[in-house]
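Keep in mind that the numbers below use all heavy atoms, side chains included, and drop hydrogens, waters and symmetry copies. Order of the sequence lines fixes the chain letters, A, B, ..., with proteins taken first and strands second; residue numbering starts at 1 for each chain.
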Amino acid sequence: MSSVLTSRKDDYAQWYNDIVLKGGLADYSAVRGCMVIKPHGYALWENMQHVLDKMFKDTGHQNAYFPLFIPKSFLSKEAAHVEGFAKECAVVTHYRLKNDPNGGGVIVDPEAKLEEELIVRPTSETIIWSTYKNWVQSYRDLPLLINQWANVVRWEMRTRLFLRTAEFLWQEGHTAHATREEAIEETRKMLDVYATFAEEYMAVPVIRGVKTANERFAGAEDTYCIEALMQDGKALQAGTSHFLGQNFAKAFDVQFSNKENKMDYVWATSWGVSTRLVGALVMAHSDDNGLVLPPRLAPLQVVIVPIYNKDMEARKRIDDTAATIMKELKAKGISVKYDNDDNTRPGWKFAEYELKGIPVRIAMGPRDLENGQAEVARRDTKEKASYQLEGLAASIEQLLADIQQQMFERALKFRDENITKVDSWDDFVKVLDEKAGFISAHWDGTPETEEKIKEMTKATIRCIPLNNEQEAGKCVLTGNASSQRVLFARAY
RNA sequence: CGGGGAGUAGCGCAGGCCGGUAGCGCAUCUGGUUUGGGACCAGGGGGUCGCAGGUUCGAAUCCUGUCUCCCCGACCA
């Protein structure tokens, strides 16, 4: 079979681009740094949305929607927050165009300058907290548990499909609580939601951890994260959950009367995952033949490909059998498509559905039917086997579950094999260059050392794992005392 | 913003040094034969060669300017 993809071994970055483009997930757009999400990619995102949305609602959250535009003055109210986002904000300065009197087409009307410029949201903390001020008076109004599905814009210098684009889709949860403890509990709870989603649906194992000061969200007291490992040994932050303390409450004066009738500032959290998850999914599982999608998120779970010949009666038998199987699969909630398009031949279809990552393919020809069988191929391992038509739907249901499970286990094994304990600087550099993956090493806890390591190796501290084992040791760079190991990696 | 690469048919590319009717593969359309891993035969359609100037009898090709995209880096989810 002629491969349409660059192989991972030859050029990992190019392989990723190829697979996103040729797998039908996205296209480049006319706008620099922005992508068009195509139906297959968007269906994947929709499936993620549905699952996450249910998880958010099951944990008591409601959806709302806040404006795309943020008054410039809002952004400057929380010092650390401005610092973090100022460099990548798109700004709306005018509200009208007009025809160029010199005939150069349409131009910005200089008369139509905005009194106060508007920022296209890079995240919504400021607009949301300015609103929450009006919503919260009493402890009885708390907790306030809101999520929004939205697009945001961050003017990135360098972009990559799904992983980092100027505009991206995400959800952002913003909650307000009466106590510090409750807000921290919320932060951790949502981190667990993300971890569960990543592992049980995306089949991507993640490490839950807390970020160091250097990597913390601008304006947060603590940033929790889930970190995943991609096939090239680079780490990817797949989701974050922030404990914001009272920073935004103070910046936007969000106070409430507590049970003792005293005024207090509320405690805040925010948490988000984005379309970046699609990129994570691709890089965690896919291979040189195309996408490999976990059954629980795949836009299409099963495709049936008929193998026709000249015998029209045999053709009808295949069509009828396929119709029966489809009905049984659909009754089990399994998505299935029958591709009897006569313009492409079976081999072409096989390759195409592999490229698209459809988890299970059923092929049926006259020979199979004579034996009361169908050929079933699984995308993850590319194994093929003959299955009895009798009870096929149940077998497929089981197979989908097995694929989901095995994809996770394979990724977990890879991840665990690529966490390397290192106790010397030489080994640190060597492992980073030769093996990559996560490096578990002692760190003296100072931002300066972390920064130095980043400058020297491009590796950052991805997180301090939760429930981390306490172990006395010496910092891998400075030799200073350390009480625990942290995870380093080069990251996306 | 630095370094590298690239813009020629829907996609992938050749042609350019040495200016002279714009080509190849895939895709597409028509007809036929086919169908168990990206089918075959025959015929057809499709192009302001990124854009703007310039040189020239004549520019995809030479010159100047400009825009865009990709990769690597700085910044970041």
Side-chain angles (χ1 to χ4, degrees), chain A residues 1-6 11-18 20-22 27-35 84-89 122-123 152-172 194 211 214-218 223 225-228 235-242 270-280 289-290 305-312 314-315 318 340-355 361-370 373-375 377 382 384 386 454-455 458 460 462 490-492:
Chain A
M1 183 182 72
S2 65
S3 178
V4 296
L5 301 176
T6 304
D11 185 342
Y12 193 84
Q14 192 55 47
W15 165 80
Y16 176 79
N17 284 331
D18 281 0
V20 169
L21 296 169
K22 292 172 182 165
D27 246 339
Y28 292 114
S29 74
V31 186
R32 181 213 297 267
C34 295
M35 65 175 173
F85 287 105
K87 287 166 293 187
E88 50 187 28
C89 286
T123 177
V152 285
V153 169
R154 296 180 188 176
W155 216 259
E156 300 290 350
M157 289 173 177
R158 196 174 148 231
T159 56
R160 299 197 64 185
L161 294 166
F162 286 111
L163 299 176
R164 180 168 296 105
T165 46
E167 179 193 14
F168 58 94
L169 307 183
W170 78 346
Q171 57 70 217
E172 46 182 324
Y194 289 154
K211 290 288 190 189
N214 287 2
E215 300 283 323
R216 195 178 291 155
F217 174 75
T223 287
C225 63
I226 51 172
E227 291 285 328
L236 184 138
Q237 177 177 303
T240 49
S241 184
H242 314 291
S270 70
W271 28 273
V273 295
S274 71
T275 37
R276 179 177 235 210
L277 290 180
V278 175
N289 293 309
V305 176
I307 313 291
Y308 289 144
N309 60 17
K310 280 183 290 191
D311 182 347
M312 295 309 279
R315 187 176 293 216
I318 294 169
N340 64 343
D341 179 354
D342 210 16
N343 292 315
T344 53
R345 296 161 78 261
W348 192 90
K349 292 174 186 171
F350 293 173
E352 186 62 17
Y353 290 111
E354 278 166 15
L355 185 59
R361 179 186 73 232
I362 302 173
M364 283 190 313
R367 289 209 304 265
D368 297 304
L369 292 198
E370 279 167 28
Q373 295 178 334
E375 181 194 80
K382 298 201 73 193
K384 291 191 277 198
S386 285
K454 186 179 175 184
E455 278 169 26
K458 311 237 186 294
T460 50
R462 301 317 305 158
R490 292 196 177 119
Y492 278 100

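B:G43 and B:C26 have their P atoms separated by 14 Å, given to the nearest Å. The separation of B:C49 from B:U21, taken at their P atoms, amounts to 15 Å, rounded to a whole angstrom. Comparing the P positions of B:A27 and B:C41 gives a spacing of 12 Å, expressed to the nearest Å. Taking the C1' atoms as reference points, B:U61 lies 13 Å from B:U56, given to the whole Å.
One can place CG of A:Asp342 at 9 Å from C1' of B:U34, the figure rounded to the nearest angstrom. A:Trp348 has its CH2 atom 8 Å from the C1' atom of B:G38, to the nearest Å. For the pair A:Lys310 NZ and B:G36 C1', the computed distance is 16 Å after rounding to whole Å. Rounded to an integer number of Å, the gap from CG of A:Asp18 to C1' of B:C11 is 12 Å. Atom OH in A:Tyr28 sits roughly 11 Å away from atom P in B:C69 (whole-Å rounding). In this structure, CZ of A:Arg154 is placed 7 Å from P of B:A77, rounded to the nearest angstrom. One can place CD of A:Glu352 at 13 Å from P of B:A27, the figure rounded to the nearest angstrom. Between the CD atom of A:Gln14 and the P atom of B:C69 there is a distance of 17 Å, given to the nearest Å.
Between A:Asn17 and B:C71 there is a side-chain N or O to OP1 or OP2 distance below 4.0 Å. Remark: A:Arg345 is in phosphate contact with B:G36, judged by side-chain N or O atoms under 4.0 Å from OP1 or OP2.
At the heavy-atom level, A:Pro366 lies under 4.0 Å from base atoms of the strands shown. Nucleic acid contact for A:Lys211: none, since no nucleic acid atom lies under 4.0 Å from a heavy atom of the residue.
Of the candidate nucleotides B:A39, B:G37, B:C76, B:G37 has the atom nearest to the side chain of A:Ala351. For A:Ala13, whose side chain is taken as the heavy atoms from C-beta onward, the closest listed nucleotide among B:G36, B:C71, B:C76 is B:C71. Out of B:G36, B:C76, B:C71, the shortest distance to the side chain of A:Lys87 is found at B:C76. In this structure, the nucleotide among B:A77, B:C71, B:G37 sitting nearest to the side chain of A:Gln237 is B:A77. Among B:U35, B:G73, B:A77, the nucleotide with an atom closest to any side-chain atom of A:Ile307 is B:U35. For A:Lys458, counting side-chain heavy atoms from C-beta on, the closest listed nucleotide (B:G36, B:C76, B:A74) is B:A74. Out of B:G37, B:C71, B:U35, the shortest distance to the side chain of A:Asn309 is found at B:U35.
Only one option out of A:Arg216, A:Gln237, A:His242, A:Lys211 pairs with A:Thr223 in a side-chain hydrogen bond (donor to acceptor under 3.5 Å, both in side chains); it is A:His242.
The base-pairing partner of B:A39, taking Watson-Crick or G-U wobble contacts with both distances under 3.5 Å, is B:U33.
In this structure, A:Trp170 places its CH2 atom where more than 12 heavy-atom neighbours from other residues, nucleotides or ligands lie under 6.0 Å away.
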